[in-house]
Amino acid sequence: MKEAYFPQEIEKKWQKVWEETGAFKTPDDSDRPKYYALSMFPYPSGKLHMGHVRNYTITDVIARFKKAQGYNVLHPIGWDSFGLPAENAAMKHGANPETWTDENIAYMTKQLKMLGLSYDWDREVATCKPEYYKWTQWLFLQLYKKGLAYKKEAAVNWCNDCGTVLANEQVIDGKCWRCDSVVEKKYLSQWFLKITDYADVLLEDLDKLPGWGDNVKIMQANWIGKSHGAIIKFKVKEIPGMEVPVYTTRPDTVYGITYLVVAPEYKDIEKLTTPEYREEVEAYRANARKMSEIERLSTDRTKTGVPLGTHCINPFNGEEFPLWTADYALVEYGTGAVMAVPTHDTRDFDFAKKYNLPMKVVIQNTQNPSNCENEAYTEEGILVNSGEFNGMKNTEAKKAITEKAAREGFGEFKIQYRLRDWLISRQRYWGAPIPVVYCDKCGIQPVPEDQLPVMLPKDVDFSVVGKSPITTSPTFKDTVCPVCGGHATREMDTMDTFICSSWYYLRYADARNDKECFNKDKVNHWLPVDQYVGGIEHAILHLLYSRFFTKALRDCGLLDFDEPFKNLLTQGMVLKDGSKMSKSKGNTVDPDEIFENYGADTARLFILSDSPPARDFDWSDAGVEGCYKFLNRVWRLISTNANNISLNIPEIKAGDLKKKENDDLLRFVHMSVKGITNDISNDFQFNTVISKYRELTNAIYDWQGRKPSLDDEDKLILSFAIVSLMKLMSPVAVHLTEEAWHELGGEGSIHDQAWCKWDENLAKSSSITLVVQINGKVKDKIEVDEGLSQDKMKEVALKSEKIKALTDGKTIIKTIVVPKKLVNVVVK
RNA sequence: GCUCCAGUGGCGGAAUCGGUAGACGCGUCGGACUUAAAAUCCGAUCGGGGCUCAACCUCGGUGCCAGUUCAAGUCUGGCCUGGAGCACCA
């Protein structure tokens, strides 16, 4: 065995062997229980970054650990390969998006292989390939048939730079999630998926996911935004038969209404405007239309509005109040109209102050009454000025008042969600075409399933500005209607790429199936994903969409489970010098360089070492160096002892070893096995796993430092310790351990070896340190036998010279004994 | 504004149930080996005080202030700071 560690040589060699022997192929049928480990698949942007390295290493170690524990592990990879960057590259450099994407996939595949990841490449998928998007289109048709996909004219988020609409989830602070430019409102006819049908179950089922972090679940719950309230309908005084319904979570404040606001886009606003106000209202609406989303939604902005000239009648007390329009009312939420109670809502308060609208206190805190002159009172209290409800607690009044409204026919209880339907049309080329046609006679018609896929046209001009390249194809647009055979035009929009990524984890179960989307039995066998690993940035977008898809496909009868990801690990970011690695900051670290200088095993070890997976990880060059040195140390330990190590190790039981130091080492190994196994099992605490590798290595070196020569017992325990270390390290240092295994004469692969077991009796040291405290402060430590009874422990503690001296002349009130740990003497 | 998370040495971070705070590493300092360097190995490394030095002894210390407890990094209440998500959602 070579004395020096040459990772580059070793790694290439074994990567080749694993590929040739198909070491990581996963059979669908096996006696072993299944385990599905999944990383969020990458966008083929060009090169791997350290975030990828961290993500895939974490999942790979989990997959290998589970395999060693006896599971049949599915660990696939693929490419989220539709999307704007490919198209932008095409526009910029004249490259074809397909070529650009394929080249990137090829390069990144090479990098993934260099990292030594245990993927089953036979199951690789790429969402931009017709054999994949055929099924994306097919799934769209199933949702269409179920009534879950529909087209409507709506105010949508428009990104001018990307030249496309965006889903609500893709608008961050009023800006485009991809290019950061300000998003505008446009009115367009677009395709939507009815995710709102699933709002409640998406919320409820979060409780079925104990294996997800609370942070993600809370973010999803907030996004879904369920609220309980009431609809109350108000008659319009000037227009007989006309009503304006509002949604409110505060029906208890109805007696305090002093005006009512509708959104500028409110459907009946023109009818509700009297002629003398028309001009002013129109001007206000035009202005609102022009404003960007970010301006419009800014909370800092002072509120504006104009009266419509009409009035509503409060059905509870007959009071009349004016109707206004103001852009703080949102057309998409509730009914698009708000009943305003300035005294008990801060927004209404601000508005009423500005426009001198009246205020009326209806909720009072009896301890500390307020007339609401300076601010709205939004806490709980007792109803006043509220007719028959006076004196009632407001929490009870909510129910009582809504009940009255329901009884008398002008209101009802209502649950409202913040979640909106998912807008999936994109005016872009590089995506899956939406498989519908528009017939001159028959209207919207789905493309028949046997005509799928609707292929992306290749005869397009990528240099066009302001419209989708797909519209330049001379062959794509015109087609025939599948119903009447007459002329029809194809839908020119493609689907949001988040659709493609909402089902890829299902395709892995049956990736090469060209007859169906996936076989139902196979999907039911492999899913749900046992462990999903990825970035927190997908907490809402991808993870919510995937949950929706799973539920919708279950309802289509395509699968039998309702949550796709049983356990979710959201890994932290990779930082450099305290900030996120980015090209613009120039603080990126290129994985290729690390592979070249130190090898993949060092990269894997380091990326897991310093922080727990969920926390941010600060990259340091010194840290990489340290890990490289450690691997050298491990290599040296093995190579210098190669002649003394046998892989034929009989089971060593407690008491088998005569020498104390050998028994101690045996115990240390068992403790390490136990500790490492538990650390991986409990939330994948790889940082402490790696510190335990180091401790064990240090312990073996220390042991050896005290041995001038080795007899048979020494060689036995040394073999046991080193081989255990190798097996424990094999999921992380995948190449080094494989090479060492073979150099020591091992058969097969170390990665096919069973995980180390520990003996509970040996996974502890032979003696314990008894801590003696006085009044809770440590005063003495005494080495004692592990089996000591509680009485004996107390006796030993009180006999200690130090304790005697410190308790001298004081009264011992009581003594607390914690078995196998400590004695606390309470004195006065 | 609302919701959530986190605050431990010079740094990253350890510390099942409340039971030895600072594992392991990085950095720094000192030493060994070497003509020298690299590599490697050994040792020290929270702060204050005591002792001529050292071993040692002693007091304090996990963002701040209280509380519960024999015992608090860990539990409770109230703050402060930082981060994340949502945000005119009625």
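Below, chains carry the letters A, B, ... as their sequence lines are ordered, and counting in each starts from 1.
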Original post:
What interatomic distance, in whole Å, is found between C1' of B/C70 and the corresponding atom of B/G18?
Top reply: 12 Å
**OP:** With RNA chain B as reference, determine whether A/Val818 or A/Ser609 sits nearer its 5' end, using the nearest nucleotide of each.
**Re:** A/Ser609
Original post:
With a cut-off of under 6.0 Å to the ring centre and 45° to the axis, is A/Arg636 in cation-pi contact with A/Tyr5?
Top reply: no
Original post:
On a whole-Å scale, what distance lies between the P atoms belonging to B/U45 and B/G10?
Top reply: 15 Å
Original post:
Does the side chain of A/Lys814 get closer than 4.0 angstrom to OP1 or OP2 of B/C70 through an N or O atom?
Top reply: yes
Original post:
Base, sugar-phosphate alone, or nothing: which one does A/Val778 contact when heavy atoms must sit under 4.0 Å apart?
Top reply: sugar-phosphate
Original post:
Within less than 4.0 Å of OP1 or OP2 of B/C57, is there a side-chain N or O belonging to A/Lys802?
Top reply: yes
Subject >> Sugar-phosphate, base or nothing in reach of A/Asp618, heavy atoms under 4.0 Å >> reply: nothing
**OP:** Pick base, sugar-phosphate or nothing for A/Ser620, based on heavy-atom distances below 4.0 Å to the nucleic acid.
**Re:** nothing
**OP:** For nucleotides B/A15 and B/U68, find the distance between their C1' atoms and express it as a whole number of Å.
**Re:** 22 Å
Original post:
Start at the 5' end of RNA chain B and walk down; is the nucleotide closest to A/Leu806 or to A/Ile690 reached first?
Top reply: A/Ile690
Original post:
Is the distance from OP1 or OP2 of B/G83 to the nearest side-chain N or O of A/Arg615 less than 4.0 Å?
Top reply: no
**OP:** Ignoring the backbone of A/Val826, work out which of B/C70, B/U20, B/C88 is nearest its side chain.
**Re:** B/C70
Original post:
Contact class for A/Val338 vs. all strands (heavy atom < 4.0 Å): base, sugar-phosphate, or nothing?
Top reply: base
Original post:
B/A87 P sits how many Å from A/Leu419 CG, rounded?
Top reply: 12 Å
**OP:** May I ask you to say whether A/Asp200 pairs ionically with A/Lys226, meaning some side-chain N is under 4.0 Å from a carboxylate O?
**Re:** yes
Original post:
What does A/Gln773 touch in the nucleic acid at a heavy-atom separation under 4.0 angstrom: a base, only the sugar-phosphate, or nothing?
Top reply: base
**OP:** Determine the interatomic distance between C1' on B/C11 and the same-named atom on B/C46; round to the nearest Å.
**Re:** 14 Å
Original post:
With rounding to whole Å, what would you report as the distance between B/C17 and B/G85 at their P atoms?
Top reply: 30 Å
**OP:** Answer yes or no: does a side-chain N or O of A/Asn824 lie under 4.0 Å from OP1 or OP2 of B/G19?
**Re:** no
Original post:
A/Ser227 near the nucleic acid: base, sugar-phosphate alone, or nothing, with a heavy-atom cut-off under 4.0 Å?
Top reply: sugar-phosphate
**OP:** Remember a base hit wins even if backbone is also touched, and classify A/Ile816 as base, sugar-phosphate or nothing at under 4.0 Å, heavy atoms.
**Re:** base
Original post:
Does the side chain of A/Lys779 get closer than 4.0 angstrom to OP1 or OP2 of B/C59 through an N or O atom?
Top reply: yes
Original post:
Does B/A90 have OP1 or OP2 sitting under 4.0 Å from an N or O in the side chain of A/Tyr247?
Top reply: no
Original post:
How would you label the contact of A/Lys820 with the nucleic acid (heavy atoms, under 4.0 Å): base, sugar-phosphate, or nothing?
Top reply: nothing
Subject >> Donor-acceptor pair present, A/Asn222 side chain and B/C86 base, under 3.5 Å >> reply: no
Original post:
Is the distance from OP1 or OP2 of B/G25 to the nearest side-chain N or O of A/Asn698 less than 4.0 Å?
Top reply: yes
**OP:** In whole angstrom, give the distance that lies between atom CE of A/Met219 and atom C1' of B/C5.
**Re:** 11 Å
**OP:** Run the ring-centre check on A/Tyr628 versus A/Phe606 and record whether the distance is less than 6.0 Å.
**Re:** no
Original post:
Hey, does A/Lys692 reach any base, or is it just sugar-phosphate, or nothing, if we go heavy atoms under 4.0 Å?
Top reply: nothing
**OP:** May I ask you to evaluate whether A/Ser691 reaches the phosphate of B/A14, defined as a side-chain N or O under 4.0 Å from OP1 or OP2?
**Re:** no
**OP:** Indicate, with a heavy-atom threshold strictly under 4.0 Å, whether A/Lys414 touches base, sugar-phosphate, or nothing.
**Re:** nothing
Original post:
Contact class for A/Arg694 (heavy atom, under 4.0 Å): base, sugar-phosphate, or nothing?
Top reply: sugar-phosphate
Subject >> Separation between the P atoms of B/G60 and B/C65, rounded to whole Å >> reply: 15 Å
**OP:** Indicate, with a heavy-atom threshold strictly under 4.0 Å, whether A/Gln685 touches base, sugar-phosphate, or nothing.
**Re:** sugar-phosphate
